[in-house]
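Heads up: the structure comes next, in C-alpha cells.
Keep in mind that the numbers below use all heavy atoms, side chains included, and drop hydrogens, waters and symmetry copies.
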Amino acid sequence: MSEHSEQPTDTAGPLARGTRMDPAVDSATDAFLAHRNLLFTVAYEMLGSAADAEDVLQETWLRWAGVDLGTVRDQRAYLIRITTRQVLKRLRTLGRRKESYVGPWLPEPLLTAPDVAEDIELADSISMAMLLVLETLTPTERAVFVLREVFDLAYDEIAEAVDKSPAAVRQIAHRARSHVAARQPRGTVSAVQTRDALDAFQSAVETGDLQSLLDILAPDVVLVADGGGLKQAALVPIVGADQVAHLLGRIAPASLEPAQVNGHPALIFRRDGGLDTVMAVRIDNGLITGLYAVRNPEKLSHMERETTVSR
C-alpha cells in the first residue's frame, strides 16, 4: 500500500529498522506483515482517512508485538480485533475534529490498482459513496457492518472486537445493514456504463458544454466539495442539475485525466502541473447522482502512487 506496502513504518516493527531480534518477534512481524494490507483496509473503511489508518496500524503493531502467539488461535481475527479497538478509540477523536472542520468533510481518496474493481464487493465497500453512507452510522454500527459484510467475520469474533455480546452484535448488524441498504445506489451500474458516463462528463466539463452536462447529470444530483479551509470550495452541498452544471461551467481551465480512485473510475484535475482536485462520482441508472470533489491538499498524498487494499 503506497510507500508503506512492503513493511511497517519506523514504529511498526523491527523490519522497519532492518534488524532481526528473536524468533518470537520475527514470527509476530511476519504475521503482521502478512495481514498488513488487510488491516489497513479495515481501518480505512471505518475511518475514511488513510493517514489515520496508518496511525492505527502502528498502534496495532505495538500491541501485537506484546501478544503471546502461542495463545492465538486465529491470527487474522486477532489482528482485526486489535485494529478495530484502536479504530473505535480514534473515531472519538475524529468526531471532535470533524465538528470544527471547515465546510463538508469527505473521505481521503486513494489511488487504487485496476484489479481492485474486479472484486466488486471490495470496490463498492471503499467507494466514496459507501464511505459517506458509513459515516451516517454510529462507530459501533460501522465497525460491525464492515467486519461482517465486507470481511465476513463471525459474530462472536466481532463481539470480542466491539465489546458486545454476539446477540447484540446480530441486532446491530441487522440495523446497520438496513440503514446502508436504504442509502445505496438505486440501480446496478456496469463498468461500461460507468466509463461511458464519466467520459461524457469529462468531455462536457472540458468543452464547457452546458447542455451536455445537463444530459448526464440526474435532476437531483448533489456536488460535495471538500477544501478543508485550505482551498476554495463550496461550504454547503450544491443540489440540482442546473446549479451543479452552472458551477462546473465556471471552473477555471484544468487538465482532466481519468484515474482509478477507491476502486472506481474518477477524474483528476491538474493545474500548472500539480494535483488540484480529485472528483469521484456516484452513478445511478446511467446518470450522475453524486459528485465528490476533494481539494484539501492534506488529503491528496495517497494519490501519488497506488495503495493496495485487500480483504
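The local environment of CD1 in I120 is sparse, with at most 12 non-hydrogen atoms from other residues, nucleotides or ligands closer than 6.0 Å. Crowding of D272 atom CG: a count of heavy atoms from other residues, nucleotides or ligands under 6.0 Å not exceeding 12.
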>> Is there a side-chain contact (heavy atoms from CB on, under 4.5 Å) between R305 and L111? Walk through the geometry before answering.
In response: CA-CA 6 Å; R305 65 191 71 188; L111 185 67; 5.6 Å; no

> So M128 and V278, side-chain contact (heavy atoms from CB on, under 4.5 Å) or not? Walk me through it.
Replying inline: CA-CA 11 Å; M128 195 71 72; V278 174; 5.9 Å; no

>> Run V192 and D196 through side-chain contact (heavy atoms from CB on, under 4.5 Å) and show every step you take.
In response: CA-CA 6 Å; V192 173; D196 288 347; 3.6 Å; yes

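Within the structure, side-chain hydrogen bond (donor to acceptor under 3.5 Å, both in side chains) contacts touching residues 230-259 (residues at least two apart or in different chains) are E257-R270. Sorted by first and then second residue, the salt bridge (Lys or Arg N to Asp or Glu O under 4.0 Å) pairs with a member in residues 152-171 read R81-E160; sequence neighbours excluded.
Within the 4.5 Å cutoff, no side-chain heavy atoms of Y78 are placed close to those of H35. Between L110 and I126 there is no side-chain heavy-atom pair separated by less than 4.5 Å. In this structure, P258 and R195 have side chains that are in contact, with non-hydrogen atoms separated by less than 4.5 Å. Contact of the D226 side chain with the P104 side chain is not registered, since no non-hydrogen atoms from C-beta on lie closer than 4.5 Å. Proximity of L248 to L223: side-chain heavy atoms (C-beta onward) are separated by under 4.5 Å at one or more points.
The two residues R85 and A161 make their nearest non-hydrogen contact at CG-O, 3.3 Å. Nearest heavy-atom pair, V116 versus G263, reported as atom, atom and distance to 0.1 Å: CG1-CA, 3.9 Å. For the residue pair I288 and V221, the shortest heavy atom distance occurs at O-CG2, 3.4 Å. Residues P109 and L300 come closest through the heavy atom pair CG-CD2, 4.0 Å. Listed here is the closest heavy atom pair of L38 and R311: CD1-CA, 3.6 Å. Nearest heavy atom pair, residue A259 against residue I268, reads CB-CD1, 3.6 Å.
Ring planes of H302 and F40: parallel class, angle under 30° (limits at 30 and 60°).
A salt bridge links R90 with E59: the closest approach of a Lys/Arg side-chain nitrogen to an acidic carboxylate oxygen falls below 4.0 angstrom. A salt bridge links R36 with E54; the closest basic N to acidic carboxylate O contact falls under 4.0 Å.
Shown are L57, N262, V309; of these, the side-chain contact (heavy atoms from CB on, under 4.5 Å) with Y44 is made only by N262. Among E141, R142, H179, the one residue that satisfies the side chain to side chain donor-acceptor pair (under 3.5 Å) test with T136 is H179.
Geometric assessment of R148 against the ring of Y155 yields a positive cation-pi assignment under the 6.0 Å and 45° thresholds.
With sequence neighbours excluded, the residues that form a side-chain contact (heavy atoms from CB on, under 4.5 Å) with V180 are M130, V133, L134, L137, F145, Q184.
Side-chain contact annotation: N37 with T308, donor-acceptor N/O pair under 3.5 Å absent.
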